[in-house]
Asks: 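Quick one: the structure is below, questions incoming.
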Amino acid sequence: MSGEVQGIDDEKVPAIVVPKDEYQWNKYGQKLIKRIGNKHRSYFRCKKKDCGAKKKVEWAPSNPSTVRVLYEGNHNHQCARIDSDEVDEDAMIQANQYDLATQIFGSRN
DNA sequence: CGATTTTGACCAGCGC
DNA sequence: GCGCTGGTCAAAATCG
């Protein structure tokens, strides 16, 4: 997990703020998407082998300060619910918002 | 040591 | 036909 602080300085949001959810993901790629304002999209995959669930994190095209999380596929294992100490209430709430945005934005622009 | 993360390159599909 | 983008994989490096 790289002890690298993902740019948590003031509020410049240099890197994408990945919210914590009930599942664990491993980043397998990062690409710069020009469609969202020359920002970079983060690709996450479920850590489980039997799990084909995938997650993509990108900035909202209209909300450069908001992160949109797209969930693809479904999990074959139970939710690896992280300890409450690991999950931030804010992150969880945000994750929920992202999920909602995903459905709304699901129709693309 | 094991685990995880990061970057680059390659490929494919599509548009004009 | 060419260019461009998006998506995934591999390897390497680093952390606890």
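Per chain, numbering begins at 1; letters A, B, ... match sequence-line order.
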Asks: Answer whether the closest heavy-atom distance between the side chains of A:Tyr23 and A:Lys47 falls below 4.5 Å.
Replies: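 When only atoms from C-beta onward are counted, A:Lys47 and A:Tyr23 do not touch, as no gap falls below 4.5 Å.
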Asks: Looking across every strand, which nucleic acid part, if any, lies under 4.0 Å from A:Leu32 by heavy atom: base, sugar-phosphate, or nothing?
Replies: sugar-phosphate
Asks: Given atom CD1 of A:Ile36 and atom P of C:dT5, what is their separation to the nearest angstrom?
Replies: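 After rounding, the gap between these two atoms is 13 Å.
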Asks: Between A:Lys31 (NZ) and C:dG7 (C1'), how many Å, whole number?
Replies: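 Those two atoms, NZ and C1', are 7 Å apart.
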Asks: Please tell me if A:Arg35 has a side-chain N or O lying less than 4.0 Å from either OP1 or OP2 of C:dC4.
Replies: no
Asks: When the distance from OH of A:Tyr43 to P of B:dC10 is rounded to whole Å, what number comes out?
Replies: 18 Å
Asks: Side-chain N or O of A:Lys34 less than 4.0 angstrom from OP1 or OP2 on C:dC4?
Replies: no
Asks: Does the plane of the ring in A:Tyr28 sit parallel, tilted or perpendicular to the ring in A:Tyr43? Use 30° and 60° as the thresholds.
Replies: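 Plane angle between 30° and 60°, so tilted.
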Asks: So which of A:Val69, A:Val57, A:Asn26 actually passes side-chain contact (heavy atoms from CB on, under 4.5 Å) with A:Phe44?
Replies: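 One option only clears the test, and that one is A:Val57.
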Asks: Under 4.0 Å between a side-chain N/O of A:Lys54 and OP1 or OP2 of C:dT8, yes or no?
Replies: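 Answer is yes, contact under 4.0 Å.
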Asks: Look at A:Lys47 and B:dT4 and indicate whether a side-chain polar atom (N or O) is within less than 4.0 Å of OP1 or OP2.
Replies: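 A:Lys47 to B:dT4 OP1/OP2: side-chain N or O found under 4.0 Å.
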Asks: Between atom OH in A:Tyr28 and atom P in C:dT8, what is the gap in whole Å?
Replies: 3 Å
Asks: Just N and O in the side chain of A:Arg41: are any of them under 4.0 Å from OP1 or OP2 of C:dG7?
Replies: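 Answer is yes, contact under 4.0 Å.
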Asks: What heavy-atom pair brings A:Trp25 and A:Lys54 nearest, and what distance separates the two atoms?
Replies: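 Smallest interatomic distance, heavy atoms only, reads CZ3-C, 3.7 Å.
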Asks: Would you kindly give the CG-to-P distance between A:Asn26 and B:dG2, to the nearest whole Å?
Replies: 18 Å
Asks: Whole Å only: how far is the CD atom of A:Gln30 from the C1' atom of B:dT5?
Replies: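 Spelled out: CD on A:Gln30 to C1' on B:dT5 is 10 Å.
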Asks: Of all the choices, C:dT8, B:dT5, B:dT6, which nucleotide is nearest to the side chain of A:Lys27 once you look at every atom?
Replies: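 Output: B:dT6.
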Asks: Within this structure, what is the NE2-to-C1' distance between A:His40 and C:dT5, rounded to whole angstrom?
Replies: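 For the pair A:His40 NE2 and C:dT5 C1', the rounded distance is 17 Å.
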Asks: Rounded to whole angstroms, how far apart are CG on A:Leu70 and C1' on C:dG6?
Replies: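 Between C1' of C:dG6 and CG of A:Leu70: 13 Å.
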Asks: What pair of heavy atoms forms the shortest contact from A:Trp59 to A:His40, and how long is it?
Replies: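 That would be CD1-O, 4.0 Å.
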